[in-house]
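In this chain, numbering begins with 1 at the start of the sequence shown.
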Amino acid sequence: MAFVVLAALAILFTCILFIIRLYIVVKTGSNYQPGAKGSISVLVVAGSGGHTTEILRLMECLSAAYTPRHYVIADTDRMSEEKISTFESSKEHSESQFTICRIPRSREVHQSWGSSVISTLNALCYALPLVFRIRPDMVLCNGPGTCIPVCVAGLMLGILGLKKVLIVYAESICRVQTLSLTGKILYPISDYFFVQWSSLRDSYPKSIFLGRIV
């Protein structure tokens, strides 16, 4: 009986420490300035279709300081790789440094929510070693479900004290009144959360409204 009580207290203590550490990592993000002494390694999560088009438009606004660039796409995505390669080859600088990585998709279209939890955990198993190997300064995403395990993996780097990773989320232009499901999940843990409609800024005070950005 005593062993069970001690084990429960140990688990409770560990959970409390984890929550405190999570709070510290999230709240201190605004004070962190990646690339202060050089280039900024960025991990970009591209979804299929419109998500990829929007994220690449956003990438056009980034300077050459954002290098190397690592793109993450779902393993069932057959279009984004070509779009990314075309985008990178069209950039003015010829020594473009980028990689394209694949992880399992968190949720397929029309997939049930129950099975989505399992598939997201499966994607996290692939995202963790990928993000821990790359150790980016920043994760940039705009809504595909694939970005959830990637952002969680980036957050774990900070929780474990290995590296602070900025999580930058740009909500899709099509979200006018409410956030996407991914946006609602990442809103509390993102360091910078951009919306493209003032109505969303009014509903979510943490968000940043700059007008249309993609």
Answer yes when Asp191 and Lys206 have at least one side-chain N-carboxylate O distance shorter than 4.0 Å, and no when they do not.
no
By salt bridge (Lys or Arg N to Asp or Glu O under 4.0 Å), which residues pair with Arg201, not counting sequence neighbours?
none
What pair of heavy atoms forms the shortest contact from Asn142 to Val45, and how long is it?
OD1-O, 4.2 Å
Determine yes or no for a side-chain-to-main-chain donor-acceptor pair under 3.5 angstrom, with Ser90 supplying the side chain and Phe87 the backbone.
yes
With a 4.5 Å cut-off on side-chain heavy-atom distances among I, L, V, M, F, W and Y, is there a chain of contacts connecting Leu128 to Leu162?
yes
Is it true that the side chains of Tyr71 and Glu81 contain a donor and an acceptor less than 3.5 Å apart?
no
Looking only at atom types and distance, does a side-chain atom of Ser119 sit under 3.5 Å from a main-chain N or O of Ser116, one as donor and one as acceptor?
yes
Under 4.5 Å between side-chain heavy atoms, hopping through other hydrophobics if needed: is there a path connecting Leu160 to Leu124?
yes
State, without any angle test, whether Ser180 and Arg175 hold a side-chain donor-acceptor pair at a distance under 3.5 Å.
no
Would you say Thr67's side chain and Arg69's backbone share a donor-acceptor pair under 3.5 angstrom?
no
Can you confirm whether Val44 sits close enough to Val72 that some side-chain heavy atom of one is under 4.5 Å from a side-chain heavy atom of the other?
no
For the CG atom of Leu179 and the OG atom of Ser207, what is their distance to the nearest 0.5 Å?
7.5 Å
Using atom types as modelled and distance alone, determine if a side-chain donor or acceptor of Arg102 lies under 3.5 Å from a backbone N or O of Ala74.
yes
Which atoms form the tightest heavy-atom contact between Thr120 and Pro149, and what is the distance?
O-CB, 4.2 Å
Verify whether one side chain among Asp77 and Ser80 offers a donor that lies under 3.5 Å from an acceptor in the other.
yes
Could you tell me which residues satisfy ring-ring contact (aromatic ring centres under 6.0 Å, His included) with Tyr169, sequence neighbours excluded, listed by chain and number?
Phe193
Testing the basics here: between Gly183 and Glu171, what is the closest heavy-atom pair and its distance to 0.1 Å?
CA-OE2, 3.9 Å
Exercise: identify the closest heavy-atom pair between Pro144 and Ala46
CG-C, 4.2 Å
Pair Ser41-His70, side-chain contact (heavy atoms from CB on, under 4.5 Å): steps then yes or no:
CA-CA 8 Å; Ser41 173; His70 305 279; 3.8 Å; yes
In plain terms, say whether Asp137 and Lys163 are close enough for a salt bridge, that is, a side-chain N and a carboxylate O under 4.0 Å apart.
yes
Without swapping roles, check the side chain of Ser89 against the backbone of Thr86 for a donor-acceptor pair under 3.5 Å.
yes
If you look at every heavy atom in Val139 and Pro136, which pair is closest and at what distance?
CG2-CG, 4.3 Å
Leu56 and Leu62: same hydrophobic cluster, using ILVMFWY side-chain contacts below 4.5 Å?
yes
Would Val195 and Tyr204 count as a side-chain contact (heavy atoms from CB on, under 4.5 Å) if you check the C-alpha gap in whole Å, the side-chain angles of each, and the deciding distance to 0.1 Å?
CA-CA 9 Å; Val195 295; Tyr204 299 91; 5.9 Å; no
Hey, what do you get for CD1 (Ile148) to OG (Ser106), rounding to the nearest 0.5 Å?
6.0 Å
Apply side-chain contact (heavy atoms from CB on, under 4.5 Å) to the pair Val150 and Cys141, showing each step before the final yes or no.
CA-CA 9 Å; Val150 174; Cys141 52; over 6 Å; no
Do Leu200 and Phe209 touch side chain to side chain, with heavy atoms closer than 4.5 Å?
no
Separation between CD1 of Ile208 and OG of Ser190, rounded to the nearest 0.5 Å:
8.5 Å
Counting C-beta onward and ignoring hydrogens, is there a side-chain heavy-atom pair between Val131 and Ile134 closer than 4.5 Å?
no
Find out whether Thr53 and His51 are in side-chain contact, i.e. whether some heavy atom of one side chain is under 4.5 Å from a heavy atom of the other.
no
Counting heavy atoms not belonging to Tyr126, are there more than 12 under 6.0 Å from its OH?
no
Interatomic spacing from OG in Ser39 to CD in Gln97 - rounded to 0.5 Å
8.0 Å
Take Val168 and Phe194 through the test side-chain contact (heavy atoms from CB on, under 4.5 Å) and record every step on the way to the result.
CA-CA 8 Å; Val168 180; Phe194 294 95; 3.7 Å; yes
Please name the pair of heavy atoms, one in Trp197 and one in Ile173, separated by the smallest distance, quoted to 0.1 Å.
NE1-O, 2.6 Å
Straight-line distance of Lys83 NZ to Ile73 CD1, nearest 0.5 Å
11.5 Å
Taking side chain as C-beta onward, heavy atoms only, is Ile103 less than 4.5 Å from Asp75?
no
To the nearest 0.5 Å, how far apart are CG in Leu155 and CD1 in Ile189?
5.0 Å
Using the side chain to side chain donor-acceptor pair (under 3.5 Å) rule, take Arg105 and Thr76 through it: C-alpha gap first, then chi angles, then the decisive distance, then the call.
CA-CA 7 Å; Arg105 191 184 293 272; Thr76 57; 3.0 Å; yes
